[in-house]
Asks: 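For reference, the structure I am asking about is given below.
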There are 2 protein chains.
Amino acid sequence: MRQERVEEYLGAVYRLREDADAPVPLSRLTEYFGFSPVSVHEMVQKLEEEGWVHYHPYRGVTLSGVGLAAAMAVLRRHRLWERFLTDKLALPWDEAHEAAGDLEHAATEEVTERLATFLGEPDACPHGAPIPPQVQSASEICLCSLPVGAEARVSRIAPETPERLRLAAAWQLTPGRDLRVLAQGDAATEVLVYRAAAEMERTVAVPFEHAQAIWLEPA
Amino acid sequence: MRQERVEEYLGAVYRLREDADAPVPLSRLTEYFGFSPVSVHEMVQKLEEEGWVHYHPYRGVTLSGVGLAAAMAVLRRHRLWERFLTDKLALPWDEAHEAAGDLEHAATEEVTERLATFLGEPDACPHGAPIPPQVQSASEICLCSLPVGAEARVSRIAPETPERLRLAAAWQLTPGRDLRVLAQGDAATEVLVYRAAAEMERTVAVPFEHAQAIWLEPA
DNA sequence: ATGAATTATAAGGCATGCCTTACAAATCGA
DNA sequence: TCGATTTGTAAGGCATGCCTTATAATTCAT
Ligand SMILES: [Mn+2]
Ligand SMILES: [Mn+2]
Ligand SMILES: [Mn+2]
Ligand SMILES: [Mn+2]
C-alpha cells in the first residue's frame, strides 16, 4: 500500500474513534471517505495484514501500536500545517483544513519538527483540535448537550467540514468565544445561543445539525 | 493522468530544456526519471493528447502554452518551498531540494502566492535557480568554461542533486561566493579554484564532473 | 549510401486502489 | 427466536503508471 493511502485511513480511524478502546465500524469509514463498503473492507484487510490496525469482524478496527503512532504523526502534521497556514500565511480559517490535507503527507519528520519549533510548539489547530501528542480534554461537551442557561467557552469545531467551519466563523463561534444557551427549540431543531463575551453581544440561532459540531469547555 | 504526474513531467521538461525552442529528447527524460524509454514514450503521448506538450517524433518534446504555464507554476512552488525550508525552518541547504519535491504538488495557487508574500517575493531558490516568472540570466556560464585567471561569482548549482549540493556546500561554492580559476587539469579532470572573496581564502580542487554543476556570473 | 545507434511502437504484464453485482454470514431489535 | 439489517466475501472490472520483450522506423556518422 502506498504511504499516503495508509496515512489517510489511519488518520480517519484516529478521528473517528471516540473512545480509545471502541473499534471504529467500517461503515463509519465508508461514510467518511464516500467509498464503497467493499473497497473499505479490502483496504482494512490490507491494513491489518501490514500491522497498522486490529480488525474485529462485525465490530470495526482499532489502531495497533504502530498504527496509533502513525496516525498521531499524520494528525500532528495536518494540524501544524493548519496553524502555519492561518498564523503565518493568513489563509482564511475555513480553507486551512482542506489546504492541509495534502501538505500533511508531504513533510518528513525532520521538516515537521522544525515546523513545530518555528510555530512555537502549538497545542491545538486553529479549529481547536489538539495537536498530538496533546490529547483531547475529557471535560469537553457538545453544544447540543449544554443545558439552557449554562455558560461555556467554545473549544473546538469538529468535524472540520468546510461548511461547518464557514458557519462557525460566521456565527463567531470559534475557539475561545464564550456563550450561553438562551433556549432550545422544542423539536430539537434549533439551539439559541447568546454570546456573552467581550466587546459585542449577539444572539444566533444554531440549527441542531450544526450545533453537533461545536464543542465546549464548561465555564 | 493524475495531476502530480503531469507536473513531474512538465517540471522535468522545463528543467531540461536548455533553449526555449529546442525540444527535449525523450532520452533525457528517460535518464532524468530513471524510467524505461517505453514508459516515458507512453506518458509523452498522453501529455501530447492532453495538450501539455508538443511531441516531435525522433526530436523530443516542447512545452505548449498551457504546459509552460503549468511547468512554471510547479517550479515556482518548488523553489518557494525551498526558500521557506532553508530561510524559515533552517533546514540544511542540501536537504531542501528533496524535501520540496513533495510540497511542490501540495499547495494551491492561493497558498503559493501567500507563501511568496510571506517570504518577501524572492527571486531565486537557495541554490540560485530563478523562481518563475523570473528567468535565467543569459550571461551565466559554467565553471568548466571559465578560463584560467578569470574571476566570477557563483550564481547557481544545477542540477540540484543531493551529492552536488553537499559538495558545493563543503567547498563553500554557494551562490554569491567569488572565485578565480587558478589552473586546469590537463586531462580536463580537475579545475583548481581559488576563492577570492571575503574573510578567508581557500583553494579547492573541483573534479570536472562536479564543476559542470556550478554556474557563474562573470565579474 | 549504408550500417550502427537511436527512437518508436506493439503486445503483454503487474501493483494499486477504486468500482459493481451477487451472495453469505452475523448481529440486533422486536 | 426470528426476520430485517448490517457486515463480510467472492468475482470481475477499470484507470493509472510503471515494467519487459520484441520488432519496426528513423536518424546519424562514417
Ligand atoms: Mn490527506
Ligand atoms: Mn483543524
Ligand atoms: Mn515532485
Ligand atoms: Mn533549489
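Order of the sequence lines sets the chain letters (A, B, ...), proteins ahead of strands, with each chain counted from 1.
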Asks: Can you sort out the partners of Ser36(A) under side-chain contact (heavy atoms from CB on, under 4.5 Å), two or more places apart, ordered by chain and number?
Replies: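 Once residues adjacent in sequence are excluded, the partners of Ser36(A) under the side-chain contact (heavy atoms from CB on, under 4.5 Å) criterion are Val38(A), Ser39(A).
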
Asks: Reading DNA chain C in the 5' to 3' direction, which nucleotide is the first one with an atom under 4.0 Å from a heavy atom of chain A, and which is the last?
Replies: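 Nucleotide range with atoms under 4.0 Å of chain A: dT16(C) to dC28(C).
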
Asks: Using 30° and 60° as the class limits, which term best fits the ring planes of Tyr9(A) and Phe35(A): parallel, tilted or perpendicular?
Replies: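 Aromatic pair Tyr9(A)/Phe35(A) classed tilted.
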
Asks: List, with names and distances, any nitrogen or oxygen atoms from the protein found under 3.5 Å away from nitrogen or oxygen atoms belonging to nucleotides 25-27 of chain D.
Replies:
residue: dA25(D); atom: N3; partner: Tyr58(B); partner atom: OH; Å: 3.4
residue: dT26(D); atom: O4'; partner: Tyr58(B); partner atom: OH; Å: 3.2

Asks: Excluding sequence neighbours, so at least two apart, what forms side-chain contact (heavy atoms from CB on, under 4.5 Å) with Ala205(A)?
Replies: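 In terms of side-chain contact (heavy atoms from CB on, under 4.5 Å), with neighbours along the sequence ignored, Ala205(A) is linked to Glu190(A), Leu192(A).
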
Asks: Quick one: side chain to side chain donor-acceptor pair (under 3.5 Å) partners of Arg79(A), sequence neighbours excluded?
Replies: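 Not a single residue meets the side chain to side chain donor-acceptor pair (under 3.5 Å) criterion with Arg79(A).
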
Asks: Of all of residues 33-47 of chain A, which get a heavy atom below 4.0 angstrom from DNA chain C, listed by number?
Replies: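 Per residue number, the list reads Gly34(A), Phe35(A), Ser36(A), Val38(A), Ser39(A), Glu42(A), Met43(A).
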
Asks: Which donor-acceptor pairs under 3.5 Å do the side chains of residues 111-120 of chain A make with protein atoms, sequence neighbours left out?
Replies:
residue: Thr112(A); atom: OG1; partner: Thr108(A); partner atom: O; Å: 2.8
residue: Glu113(A); atom: OE1; partner: Arg76(A); partner atom: NH2; Å: 2.8
residue: Glu113(A); atom: OE2; partner: Arg76(A); partner atom: NE; Å: 3.1
residue: Arg114(A); atom: NE; partner: Glu110(A); partner atom: OE2; Å: 3.3
residue: Arg114(A); atom: NH1; partner: Leu89(B); partner atom: O; Å: 3.1
residue: Arg114(A); atom: NH1; partner: Ala90(B); partner atom: O; Å: 2.8
residue: Arg114(A); atom: NH2; partner: Glu110(A); partner atom: OE2; Å: 3.2
residue: Thr117(A); atom: OG1; partner: Glu113(A); partner atom: O; Å: 3.0
residue: Thr117(A); atom: OG1; partner: Glu121(A); partner atom: OE2; Å: 3.4

Asks: According to the salt bridge (Lys or Arg N to Asp or Glu O under 4.0 Å) rule, which pairs have a member within residues 126-146 of chain A, sequence neighbours left out?
Replies: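 Residue pairs passing salt bridge (Lys or Arg N to Asp or Glu O under 4.0 Å), neighbours aside: Glu140(A)-Arg156(A).
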
Asks: Only counting residues at least two apart or in another chain, list the ones meeting ring-ring contact (aromatic ring centres under 6.0 Å, His included) with Trp81(B).
Replies: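 Once residues adjacent in sequence are excluded, the partners of Trp81(B) under the ring-ring contact (aromatic ring centres under 6.0 Å, His included) criterion are Trp81(A), Phe84(B).
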
Asks: Identify, with sequence neighbours excluded, every residue that meets side-chain contact (heavy atoms from CB on, under 4.5 Å) alongside His210(B).
Replies: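 With neighbours one apart ignored, the set is Glu163(B), Arg164(B), Leu167(B), Trp171(B), Val206(B), Pro207(B).
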
Asks: My understanding is that only residues two or more places apart in sequence, or in another chain, count here; which of them pass side chain to side chain donor-acceptor pair (under 3.5 Å) with Glu49(A)?
Replies: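 Side chain to side chain donor-acceptor pair (under 3.5 Å) list for Glu49(A), sorted by chain: empty.
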
Asks: With sequence neighbours left out, write down each residue that passes side chain to side chain donor-acceptor pair (under 3.5 Å) with Glu109(A), or none if nothing qualifies.
Replies: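 By the side chain to side chain donor-acceptor pair (under 3.5 Å) rule, Glu109(A) matches no residue at all.
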
